[in-house]
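Accompanying notes for the structure given below.
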Amino acid sequence: MEILISNWSNVEFVPKKYIFPLERRPGKIEFPVCHDIPLIDLANNHPTDTIQQVIKACQEFGIFQVINHGVCENLMDDTMNIYKEFFKLPGEYKAKFYSNDINKSCRLCSSTLAYDTEEFHYWRDNFTHHCYPLEEYIMTWPNKPTKYREVVSEYSIETRKLLYKILDMICKGLALKSGYFEGEVSKTNVISVNNHIPCPNPSLTLGMPVHSDPNLITLLQQCDVPGLQILKDGKWIGVQPIPHAIVLIPGLQLKVISNDMFITPVHRVVTHAKEARTTIGVFLGPSPESLIKPATALVCTKPMFRAFTYPEFLKTFTAGAKCDAQFALNHFRNKT
Ligand code: OGA
Ligand code: NI
């Protein structure tokens, strides 16, 4: 069968490989809207209040949405349309990018990189590539749709600016040395786009694994179709799609730097019976050399984690922890 689900047409039933065993199925899908997930207006006239809202959100939910964030709405729409078109391109063109090699800087895959060996497949295609430094990577990007490179380069510059604006607020809120999150700790900048076609039976399938983001911080542009859920107090709650709002998720590296003050939420994506869903994720993460450790200024008595590099973390993540990032993090936690 065709691997990429974006190449399927007239899908009337869920193929067996996509049906999760009972205990992993999401069951009846409801989209309860959670109004508690903080929605922060970055144009607020009281910057110190806004910083406090961001810090509180990182401590209580580990996820929040922002409006008046400075990324131009037309650019957001254009980028979303580019990706919707990209996934509709002929299979032969997309096949040029297909790869399950994590070291490939621009790659298209379906389900996860473990497609060939996994027992069950997730209902998604994913397109990922590096964005920084732009000149180093732009030639590896698609040239179809024709405006891809033009639009996505502008989008990657604008979203990177927003991510640094948020990191600067976190830096101020935690009273860290100015520029703490600049340089090696946030050097890796990747765009990762998920595409899910409508699924005939969402209660049997998952659009993305239950996971936590292992990087420093994630920015997510949702489309108007719900699907993202976070686990809060033992319940799955939906992250409401708000037109032109942007979702932010502190990753596990930030949790370490905050000396365990921040939450990195466990989340997943469920599928939708009627609508296709496309989301654009922008991930900032450390360079391979960067040493991750609790910020000295935040350690009162003892650091909660020992220092490690991101490659060390990823090794534990893929080997010992079977891709459970929170579990992998415990490997670096100091005993109390
Ligand atoms: C991710 C992620 C959520 C979504 O890419 O890590 O959680 O809604 N994406 O696509
Ligand atoms: Ni995620």
Side-chain angles (χ1 to χ4, degrees), residues 5-6 26 29 31 33-34 37 58 61-65 76 79-80 83-84 86-87 102 107-114 122-131 155-156 159 163 188-199 202 205-232 236-255 262-272 275-285 310 313-314 317-318 321 323-329:
I5 63 170
S6 58
I29 307 278
F31 291 107
V33 170
C34 177
I37 293 178
C58 292
F61 279 88
I63 188 166
F64 55 98
Q65 306 209 46
M76 293 176 76
T79 311
M80 184 56 82
Y83 281 114
K84 286 185 177 166
F86 174 80
F87 283 101
I102 197 166
R107 57 173 193 267
L108 174 64
C109 76
S110 196
S111 181
T112 73
L113 292 181
Y122 294 91
W123 192 267
R124 73 149 179 180
D125 290 338
N126 173 269
F127 185 52
T128 296
H129 64 62
H130 280 260
C131 299
Y155 186 80
S156 67
T159 49
L163 280 160
T188 309
N189 186 172
V190 166
I191 196 160
S192 167
V193 182
N194 288 326
N195 185 258
H196 316 266
I197 60 170
C199 174
T205 58
L206 282 171
M208 251 198 113
V210 173
H211 72 283
S212 295
D213 292 359
N215 53 306
L216 185 69
I217 188 164
T218 306
L219 173 158
L220 185 79
Q221 179 182 340
Q222 303 198 78
C223 63
D224 51 2
V225 181
L228 174 61
Q229 299 181 327
I230 64 162
L231 190 60
K232 174 94 174 116
W236 288 104
I237 56 174
V239 181
Q240 189 191 0
I242 302 172
H244 297 116
I246 285 182
V247 178
L248 286 140
I249 312 176
L252 288 170
Q253 312 303 309
L254 197 51
K255 180 182 170 70
F262 286 2
I263 290 175
T264 300
V266 172
H267 53 286
R268 70 178 185 185
V269 173
V270 293
T271 61
H272 199 284
E275 316 267 1
R277 180 171 190 266
T278 306
T279 60
I280 310 170
V282 184
F283 294 73
L284 283 191
Y310 199 48
F313 176 78
L314 292 180
F317 172 60
T318 43
C323 295
D324 180 336
Q326 303 266 3
F327 186 79
L329 187 61

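In each ligand, atom 1 is the first atom listed, and ligand 1 is the first ligand listed. Sequential numbering from 1 along the given sequence is applied to the chain's residues.
Remark: ligand 1 atoms within the under-4.0 Å shell around heavy atoms of R277 are 4 (C), 8 (O), 10 (O). Atoms of ligand 1 found under 4.0 Å from any heavy atom of M208, numbered from 1 in the order shown, are 1 (C), 2 (C), 5 (O), 6 (O), 7 (O), 9 (N). Close approach of ligand 1 to L228 (heavy-atom distance below 4.0 Å) involves ligand atoms 3 (C), 8 (O).
The proximity of D213 to ligand 1, defined as any non-hydrogen pair under 4.0 Å, is limited to the side chain. At a heavy-atom distance under 4.0 Å, only side-chain atoms of L220, from C-beta outward, approach ligand 1.
Under a 3.5 Å cut-off, the side chain of Q253 and the backbone N or O of P214 do form a donor-acceptor pair. Between the side chain of N195 and the backbone N or O of F87 there is no donor-acceptor pair closer than 3.5 Å.
Here R268 contributes atom CZ and I230 contributes atom CD1; the two are 12.0 Å apart, rounded to the nearest 0.5 Å.
The protein heavy atom nearest to atom 6 (O) of ligand 1 is H211 NE2, 3.1 Å.
At least one N or O atom of N194 sits closer than 3.5 Å to an N or O atom of ligand 1. At least one N or O atom of T279 sits closer than 3.5 Å to an N or O atom of ligand 1.
Between the Ni ion (ligand 2) and the N, O or S atoms of D213, the shortest distance is to OD1.
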